Protein chains: 2
Amino acid sequence: MDELNLLLVDDHPVVRAGLKAVLTEQAGLRVVAEAADGAAAIAQLNRLETLGEHVDVVLMDLQMDGMDGVEATGRIRSAGGPPVLILTTYDSDSDIRTALDAGAAGYLLKDAPLARLTAAVRDAARGRRVLSEEVAARMDPAARNAATDLSPRELELLGLLSRGLVNRQIARELFISESTVKTHLIHIYSKLGVDTRTAAIDQARTLRLIR
Amino acid sequence: MDELNLLLVDDHPVVRAGLKAVLTEQAGLRVVAEAADGAAAIAQLNRLETLGEHVDVVLMDLQMDGMDGVEATGRIRSAGGPPVLILTTYDSDSDIRTALDAGAAGYLLKDAPLARLTAAVRDAARGRRVLSEEVAARMDPAARNAATDLSPRELELLGLLSRGLVNRQIARELFISESTVKTHLIHIYSKLGVDTRTAAIDQARTLRLIR
DNA sequence: GGCGTCGCCGCCCCTACGGATGATCTTCGA
DNA sequence: TCGAAGATCATCCGTAGGGGCGGCGACGCC
């Protein structure tokens, strides 16, 4: 099989058209369908299956109206669908983790060079995991900056923080005491080098720990 | 003159390629140069000028590494350059305002349909102001939701809030007393329907008052 | 001229928050 | 098996933040 069949999922018509133009000009890639959100992507996969069309790789954006990329990825994977390659603008730690946990075959940034993109598509089609350099470096435990290495629990707290919850609400949400919430916050502050919750949110955002 | 000459400015190669593919397929549009950030865009304009090449419209992303779109727009406009059409993913009030203040000829979202994009390019080339529907509605004073209509000063406070400053720092930054900061915050909270600073930041973000 | 909005300032009060410190339990790897 | 790291909880303390007042000058609009 020489030609790989792709499904593009992105809510920006311009980006879809661009990907299509770029990828079809590269030998061996064929865009067989497009979708503007996760639900449409799944519908397209079902439609193509009934037509006997094969899809080798799904190129999926994360941020979309309607069903987002993470959920769609999870559903496609659990249904035994084709490998899903995430192609997105953002590279927050939590995004990457949830996407990979959902079964994504890879995670690329939209500012990746075209050669890398096409190579990633081919790798994903062969069942290999592909991460862009920055993402791989981010996920490599050895290369992590110790100062910004928050525990999963602390990242969870950070998420609730950024949603504007007060300590009491965070405590209830996580079924822990308010004291524990405060302890976690102190740890987060010291790791991020700040001393207030709003500064922690800001810092976490610039470090791309959260979105 | 039938063919319009465009300069594309976007730090995503994929998006640039997509725009180029889409726009050149539309009759009358020609992409004469591309740039990955604001500084490169200005350099390209200078280069094209010495070559005697004319640029009718600059299509500019806002979020870029290096010189961002707002600053680049300001410089291009103040140098008597071609009209600049902003094409971006985000539509926060503050982004729109600063871009238009910097002299942008229009503001479009990347999820705009292609027909609208090409129409906007032609309008911009003719010196007309173009805003996407959502943006225009947002900027229309009559259509504003009174509950979320913050004064300019309050938006300014909100920006400092989101950067994690404490009241004392905000006061110093704005040369006002801490009491006044508190008063502004109270007003912001009541307009946003929240009662803590973090919740205000979150709400302002979801309402796209800030980024 | 009066009314509303905006920006500015002060007081009081109470709570939430942040800092310091110390402690228990689990898990995991050296 | 011992220690490090994570998650949990607690108490004490001081301050920053938020709520409720009231007030003042400037500006624009009817």
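Numbers restart at 1 for each chain; the letters A, B, ... are given by sequence-line order, proteins then strands. This structure is a prediction, so every number in the text was calculated from the model and none was measured.
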Quick one: closest heavy-atom pair of A:Leu23 and A:Leu29, and the distance? O-CB, 3.3 Å
Can you tell me how far apart CD (A:Glu156) and CG (A:Leu160) are? Round to the nearest 0.5 Å. 6.5 Å
Any side-chain N or O of A:Ser177 below 4.0 angstrom from OP1/OP2 of D:dA10? yes
Tell me: CD of A:Glu154 to P of D:dA5, nearest whole Å? 13 Å
Can a donor-acceptor pair be found, under 3.5 Å and without considering hydrogens, that links the side chain of B:Arg77 to the backbone of B:Gly81? yes
Taking OP1 and OP2 of D:dG6, is either one under 4.0 Å from a side-chain nitrogen or oxygen of A:His187? no
Can you check the A:Asp149 CG to D:dA4 P distance for me, whole Å? 18 Å
For nucleotides 22-30 of chain C, 5' to 3', base contacts (B), sugar-phosphate-only contacts (S) and non-contacts (-) with protein non-hydrogen atoms under 4.0 Å give ---------
Suppose we screen for side-chain hydrogen bond (donor to acceptor under 3.5 Å, both in side chains). Which residues come up paired with B:Glu71, at least two apart in sequence or across chains? B:Arg75
Quick one: does A:Gln203's side chain have a donor or acceptor within less than 3.5 Å of a partner on A:Ala200's backbone? no
Round to a whole Å and report the spacing from CD1 of B:Ile170 to P of C:dC8. 13 Å
What integer distance in Å separates B:Ile176:CD1 from C:dC6:P? 15 Å
Rounding to a whole Å, what distance do you find between A:His184:NE2 and D:dA7:C1'? 5 Å
By salt bridge (Lys or Arg N to Asp or Glu O under 4.0 Å), B:Arg128 pairs with (sequence neighbours left out) B:Asp123
From CD1 of B:Ile201 across to C1' of D:dG18 the rounded distance in Å is 15 Å
May I have the distance from A:Phe175 (atom CZ) to D:dC9 (atom C1'), rounded to whole angstrom? 18 Å
Each nucleotide in nucleotides 12-19 of chain C should get exactly one letter: B, S or -. Can you fill that in based on protein heavy atoms under 4.0 Å? ----SBBB
Contacts of type side-chain hydrogen bond (donor to acceptor under 3.5 Å, both in side chains), residue A:Asp68, not counting sequence neighbours: none
Starting from P on D:dG25, measure out to CZ on B:Arg153 and report it in whole angstrom. 20 Å
Tell me, please, which residues at least two apart from B:Arg16 pass side-chain hydrogen bond (donor to acceptor under 3.5 Å, both in side chains). B:Glu34
Regarding B:Gln44 and B:Arg47, do their side chains bring together a donor and an acceptor under 3.5 Å, going by distance alone? yes
Give a yes/no on whether any side-chain N or O of A:Thr180 is located under 4.0 angstrom from OP1 or OP2 of D:dC9. yes
